[in-house]
Amino acid sequence: MAKIQMTTPLVEMDGDEMTRVLWTMIKDELLYPFVDLKTEYYDLGLEKRNETDDQITVDSANATIKYGVAVKCATITPNAARVKEYNLKEMWKSPNGTIRAILDGTVFRAPILVKGIEPYVKTWKKPITIARHAYGDVYKASEMKIPAAGKVELVYTGADGESRELIHTFEGAGIVQGMHNKNDSIESFARSCFNYALDTKQDLWFATKDTISKKYDHTFKDIFQEIYDNEYKEKFEALGIEYFYTLIDDAVARVIRSEGGYIWACKNYDGDVMSDMVATAFGSLSMMTSVLVSPSGVYEYEAAHGTVQRHYYRHLKGEKTSTNPIATIFAWSGALRKRGEMDKLPELMEFADKLEKACIDTIESGKMTGDLACLSTLDNVETLNSEEFIKAIRANLEKLV
């Protein structure tokens, strides 16, 4: 069989630990045999980020802007323990945060549904897509430990002088955090959400806590409403879909009672937490698609989970692991489909569809990794290690291509 040809490279961002091991397996078993894969490769493993003072992360984001589509492996965001373990020059920031800030994008995450893996929330029948703002808030915050009694203020220095807002008068030691966002980033977030809702013909919910955060969160609410009223209201009504705003706590209650089938837009931290909640409640963090979409039409596909550190340490000891690669495979299939769409290569788009079907067929036949085996309601479940599972997917893929 002749390999499917590509005309424009994908930006390929390699990662860390067990997901890096799976990354190689996926390319060797599921991509190279079928596609003449063209990528511009960036190693975002922690050692290379440390070696380049994190410049390689910036370079990969700029390459994504150039080529329009990227696929990213999970990466380590170092804490103090990781600084010591990897002998880092400093505690480098989240590569995801850096990339998201440069692309000014919104992260859309949705569960991958398969027969035999039933949601913990019994009312959920359709996917719930989390739209996560990808700039600012706690991910761009400045923090300070307050050693003793004193006054802490917010200070804005403009062309016309200073304005001040008291944060707290400390009577003893404490902590303080200052976070920010930008109106133009919030506007991009809103438009990305409205456009995605139109593209997928789904209702859009947006939730913050404006009753408590009367300036910060309220600004998000106001910008969303203004853009909706001025630019999207008629388009939504023509399609018969709805946009509405509610408080984050009310949204959580509504989500648990719903059947799914909508987009839930959240601020950066809320989206981080709620996407993990939704993914886990649908079955597994490894069964979640994730794509960063910029207002200019740039796409970066990734797995929604971490680097699976515990399995990696077992792998280093020579032990077999049953690590679920589905989210990483779907990152590749999503990127290949988008590349095919942009370059008008229907055979590449069809291959992406067949790759995803092979994954689902494998699980629904009873062959799966351990995280799914313990959840499955199917009869005759067979638990496979990572390599066996990927080979089983390949066997099904070969029947389809």
Side-chain angles (χ1 to χ4, degrees), residues 10-13 15 19 22-23 26 30-31 64 69-75 96 99-100 103 105-115 117 119 124-134 192-193 195-197 199-202 204 260-266 271-294 298-308 323-341 348-349 351-364 368-369 371-372 390 393:
L10 296 171
V11 175
E12 177 186 351
M13 306 174 185
T19 46
L22 296 176
W23 194 259
I26 290 165
L30 303 178
L31 301 179
T64 303
V69 185
V71 57
K72 180 182 175 295
C73 185
T75 47
N96 287 340
I99 293 165
R100 290 165 188 167
L103 298 186
T106 296
V107 179
F108 294 91
R109 290 180 170 173
I112 301 162
L113 304 187
V114 295
K115 294 175 184 176
I117 307 297
W124 289 357
K125 307 299 181 187
K126 303 173 185 176
I128 297 169
T129 301
I130 298 289
R132 175 186 171 188
H133 189 207
S192 292
C193 292
N195 287 332
Y196 201 82
D199 288 344
T200 59
K201 298 180 177 60
Q202 295 184 89
L204 174 66
Y262 48 82
I263 301 164
W264 179 12
C266 297
D272 192 0
V273 175
M274 296 306 171
S275 64
D276 279 3
M277 183 273 287
V278 167
T280 303
F282 268 104
S284 172
L285 281 171
S286 297
M287 299 291 287
M288 193 84 164
T289 64
S290 181
V291 57
L292 176 70
V293 183
S294 81
V298 173
Y299 295 78
E300 183 246 317
Y301 295 82
E302 62 181 358
H305 56 73
T307 58
V308 202
T323 315
N324 191 335
I326 292 293
T328 305
I329 295 171
F330 271 62
W332 275 104
S333 62
L336 289 170
R337 184 183 296 107
K338 181 55 67 175
R339 183 79 279 161
E341 177 187 324
L348 191 59
M349 298 169 66
F351 172 78
D353 293 341
K354 291 173 181 176
L355 177 56
E356 292 179 1
K357 186 177 187 307
C359 292
I360 292 170
D361 287 350
T362 303
I363 296 170
E364 292 184 348
M368 61 194 75
T369 48
D371 62 316
L372 300 182
I390 289 173
I393 293 170

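Any value given below was found using the heavy atoms of this structure, including those in side chains, with hydrogens, waters and symmetry copies removed.
Pairs of residues two or more places apart, or lying in two chains, that qualify as salt bridge (charged side-chain N to carboxylate O under 4.0 Å, His left out) and include a residue from residues 271-288 are Arg132-Asp272. The side chain to side chain donor-acceptor pair (under 3.5 Å) contacts involving residues 327-337 comprise Ser333-Glu356, Arg337-Asp353, Arg337-Glu356, where partners must be two or more places apart or lie in separate chains.
Heavy atoms of other residues, nucleotides or ligands lying less than 6.0 angstrom from NZ of Lys354 number more than 12.
Between Met274 and Trp264, some side-chain heavy-atom pair lies under the 4.5 Å cut-off. Annotation: side chain of Ile99 is not in contact with side chain of Thr64 (no heavy-atom distance under 4.5 Å). Counting heavy atoms from C-beta outward, His305 and Thr19 have side chains that approach closer than 4.5 Å. Annotation: side chain of Ile117 is not in contact with side chain of Met287 (no heavy-atom distance under 4.5 Å). Proximity of Ile326 to Ile363: side-chain heavy atoms (C-beta onward) are separated by under 4.5 Å at one or more points. In this structure the side chain of Pro325 reaches within 4.5 angstrom of the side chain of Ile26, judged on heavy atoms. In this structure, Leu355 and Leu31 have side chains that are in contact, with non-hydrogen atoms separated by less than 4.5 Å.
Atom CD1 of residue Ile128 and atom CD of residue Gln202 lie 10.5 Å apart, to the nearest 0.5 angstrom. Annotation: the span from Arg109 atom CZ to Cys266 atom SG amounts to 11.5 Å, rounded to 0.5 Å. Of the inter-residue distances, the one linking Thr289 atom OG1 with Ile112 atom CD1 reads 6.0 Å to the nearest 0.5 angstrom. With rounding to the nearest 0.5 angstrom, the CG atom of Leu22 is 8.5 Å from the CD1 atom of Ile329.
Closest approach of Ala70 to Met13, counting heavy atoms only: CB-CE, 3.8 Å. Here the shortest heavy-atom pairing between Gly271 and Ile130 reads O-CG2, 4.0 Å. Closest of all the heavy-atom pairs between Tyr301 and Gly334 is CZ-O, 3.4 Å. Across all non-hydrogen atoms, the minimal contact from Ser192 to Ser294 is OG-C, 4.4 Å. Minimum interatomic distance between Gly15 and Cys73 (heavy atoms only, all atoms of both residues): N-CB, 3.4 Å. Shown here for Leu348 and Gly340, the closest heavy-atom pair between the two residues is CD2-N, 3.8 Å.
One finds no salt bridge joining Glu300 and Lys338 here, because no Lys/Arg side-chain nitrogen approaches an Asp/Glu carboxylate oxygen to under 4.0 Å. A salt bridge is absent between Lys357 and Glu364: the closest approach of a Lys/Arg side-chain nitrogen to an acidic carboxylate oxygen does not fall below 4.0 angstrom.
Evaluation of the side chain to side chain contact (heavy atoms under 4.5 Å, CB included) rule for Ala279 yields Leu285, Met288 as partners, not counting sequence neighbours. Under the side chain to side chain contact (heavy atoms under 4.5 Å, CB included) criterion, Val293 pairs with Phe108, Val291, Tyr299, sequence neighbours left out. Here Phe282 pairs with Trp124 under the ring-ring contact (aromatic ring centres under 6.0 Å, His included) rule; sequence neighbours left out. Checked against salt bridge (charged side-chain N to carboxylate O under 4.0 Å, His left out), Lys125 has no partners two or more places apart in sequence or in another chain.
A distance-only check finds no donor-acceptor pair linking the side chain of Thr280 to the backbone of Ser284 [under 3.5 Å].
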Query raised in the report: Please walk me through it: do Thr369 and Thr323 pass side chain to side chain contact (heavy atoms under 4.5 Å, CB included)?
Result: CA-CA 6 Å; Thr369 48; Thr323 315; over 6 Å; no

**Report entry** Intermediate values then yes/no, side chain to side chain contact (heavy atoms under 4.5 Å, CB included), Tyr262 and Leu204
**Finding:** CA-CA 6 Å; Tyr262 48 82; Leu204 174 66; over 6 Å; no

Requested in this report: Decide yes or no on side chain to side chain contact (heavy atoms under 4.5 Å, CB included) for Cys193 and Ile263, but give the supporting numbers first.
Outcome: CA-CA 8 Å; Cys193 292; Ile263 301 164; 5.6 Å; no

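Applying the side chain to side chain contact (heavy atoms under 4.5 Å, CB included) test between Glu302 and each of Leu292, Val71, Asn96, Thr75 identifies Asn96 as the sole match.
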